[in-house]
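Here the structure is laid out as structure tokens; the discussion comes afterwards.
So you know, we letter chains A, B, ... as the sequences are listed, proteins then strands, and number each from 1. From a predicted model like this one, the values you see are computed outputs, not experimental measurements.
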There are 2 protein chains.
Amino acid sequence: MVLTIREGVLQVLIVKRGTEPYRGRYALPGGFIHHGETAAEAARRELLEETGLDGGSLPLEPISYYDAVDRDPRGRIVTFPFLAVAPDLPIPHSHCDSDAWAATWKPTATLLTDESILAFDHAQILADAVTVARNKLRYTTIATNFCPEEFTISELRAVYEAVWGLELDRANFHRKVKNATEFIVETGNVRPGAEGRLGRPAKLYRAGDGDELSSPILLTLSARRD
Amino acid sequence: MVLTIREGVLQVLIVKRGTEPYRGRYALPGGFIHHGETAAEAARRELLEETGLDGGSLPLEPISYYDAVDRDPRGRIVTFPFLAVAPDLPIPHSHCDSDAWAATWKPTATLLTDESILAFDHAQILADAVTVARNKLRYTTIATNFCPEEFTISELRAVYEAVWGLELDRANFHRKVKNATEFIVETGNVRPGAEGRLGRPAKLYRAGDGDELSSPILLTLSARRD
DNA sequence: GCAAAAGTGTTGTCGTTACACCCATGC
DNA sequence: GCATGGGTGTAACGACAACACTTTTGC
């Protein structure tokens, strides 16, 4: 499943199912693994087929599996979900193929509050994936995957605030991420002062080479009091 | 797979395969999932059948999966490994059933140095599992699973030292684990001074109710200098 | 100048490190 | 007493939360 930040909240890419069971209901994009294909390969193929999104550039991360015997009315089906974290992408075209139509972004909060929106046990799978994402923000550099190529530290902070649902202290966050090795690198550019933005222009950064943070970003990192 | 600490080093329970392919070679215990059975249920069943070990009391934790198309000469086979952490158990009886014979403990270091000892890609699976165990020591209370019902803090420290392969400062380790909430609880007993042990008798503890450590045990926790 | 947002300085607090030291036991 | 291992005290250090402050822009 693909997560992104849109309108300040965590959203997930879902499709309307075009076939039974659960025809017309929303579900996470996916499908059956072909012969001679790994789960990861199948995930990329189905993502492209159902949503038009080319996951070629996105790292897909396997997250557990679901093998309860009664989780699909068609019989014993094991699901291997993958988590991808993407910047705010344009809504992909509907491909109207046999499996799904109308790929769209939806806030995870909505889907997790009303678990009946998603078919199968996909609400549970989404919930687990969000937990994984929340934890990975702590000790990996995955947050930069939510951002475009170049981003400001404030935008990076907005990622943490959206996923964790709290407000962080600008000052301490700024220092922490700048001091973390291989997390972000200055590009030398600054945010173009277009469209009447006020205030001092922010330096632009891109993702560094590191995958893991030496010292984790704390959930309590300078959350303001009032 | 079942990990334990024996003779001061991390060891794993393996079996000699009784059937082709890789007949006579060592492998992690396991087998095929029956119809209407989850991977976890199959793991417990195979563990009992092949090694005589009743995993009923041991928590089995699923760790990833292996689905490369060429990992088994018989064809496309997906493996769902489980990690169990156990105290130093007596070597289980050989059950000599069709699948395996001669269950035995072997140091993980040996099996990881010479990857050809284990059949299939089991050396890789073991390596991944050891990494998981190493990390879980940091932020969970899993270390107590390596210990018997009652244990001393020194024994708990020996677990960390064996799995991490370094020496920790007794004093700081002692304080850290005693302060961690729900990690260990005093039983009121002390180590019976049998078998000519010297020194002050150690208090005995049992595992607390917690699963996660609020502040992680650091890899660098007071490793002595010289 | 004023507002807004970026970015820096500073202080108190708290956890950890690196030891030195004390305690309880067997011999 | 002495060796041995269990357990506690403590000063120096470092990271960080909290918040005040300075800088750079648009209007």
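Per the geometry, CD1 belonging to Ile184(B) stands 12 Å off C1' belonging to dG7(D), to the nearest Å. What separates CZ of Arg138(A) from P of dC16(D) is a distance of 14 Å, to the nearest Å. Regarding Leu204(B), its CG atom lies at a distance of 17 Å from the P atom of dA24(C), rounded to whole Å. At whole-Å resolution of the value, CG in Leu168(B) and P in dT16(C) are 14 Å apart. Remark: P of dG6(D) and CZ of Arg200(B) are 10 Å apart, rounded to the nearest angstrom. Rounded to an integer number of Å, the gap from NZ of Lys176(A) to P of dA17(D) is 7 Å. Look at CZ on Arg191(B): it is 11 Å from P on dG7(D), rounded to the nearest Å. Separating the CG atom of Asn179(B) from the P atom of dG15(C) is a distance of 9 Å, rounded to the nearest angstrom.
Taking a cutoff of 4.0 Å between a charged side-chain nitrogen and a carboxylate oxygen, Arg45(B) and Glu49(B) qualify as a salt bridge. Salt-bridge annotation for Glu150(B) and Lys203(B): absent, with no side-chain N of the basic residue lying under 4.0 Å from a carboxylate O of the acidic one.
Considering only side-chain N and O atoms, His174(B) lies nowhere under 4.0 angstrom from the phosphate OP1 or OP2 of dG6(D). Applying the 4.0 Å criterion to OP1 and OP2 of dG7(C), one finds that Lys203(A) has every side-chain N and O outside that range. Considering only side-chain N and O atoms, Ser154(A) lies nowhere under 4.0 angstrom from the phosphate OP1 or OP2 of dA5(C).
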Atom pairs under 3.5 Å: protein N/O with N/O of nucleotides 10-14 of chain C:
none

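No side-chain heavy atom of Asp67(A) sits less than 4.5 Å from a side-chain heavy atom of Phe80(B).
Under 3.5 Å, the side chains of Arg206(A) and Thr144(A) contain no donor-acceptor pair of N or O atoms. With hydrogens and angles left out, the side-chain atoms of Arg157(A) and Thr152(A) include no donor and acceptor closer than 3.5 Å.
Counting only heavy atoms from C-beta on, Ser215(A) has its side chain closest to dC16(D) among dC16(D), dA20(D), dA6(C). Considering only side-chain atoms of Asp169(A), the nucleotide from dC19(D), dT16(C), dG7(C) that sits closest is dC19(D).
Between Gly199(A) and Ala171(A), the residue whose closest nucleotide on DNA chain D is further toward the 5' end is Ala171(A).
Checking Thr140(B), Leu137(B), Ile142(B), Thr141(B) one by one against Leu213(B), the side-chain contact (heavy atoms from CB on, under 4.5 Å) holds for a single residue, Thr141(B). Under the side-chain contact (heavy atoms from CB on, under 4.5 Å) rule, Pro29(B) has a single partner from Val12(B), Val2(B), Val15(B), which is Val15(B).
Within 3.5 Å, a donor on the side chain of Arg170(A) pairs with an acceptor on the base of dG7(C), or the reverse.
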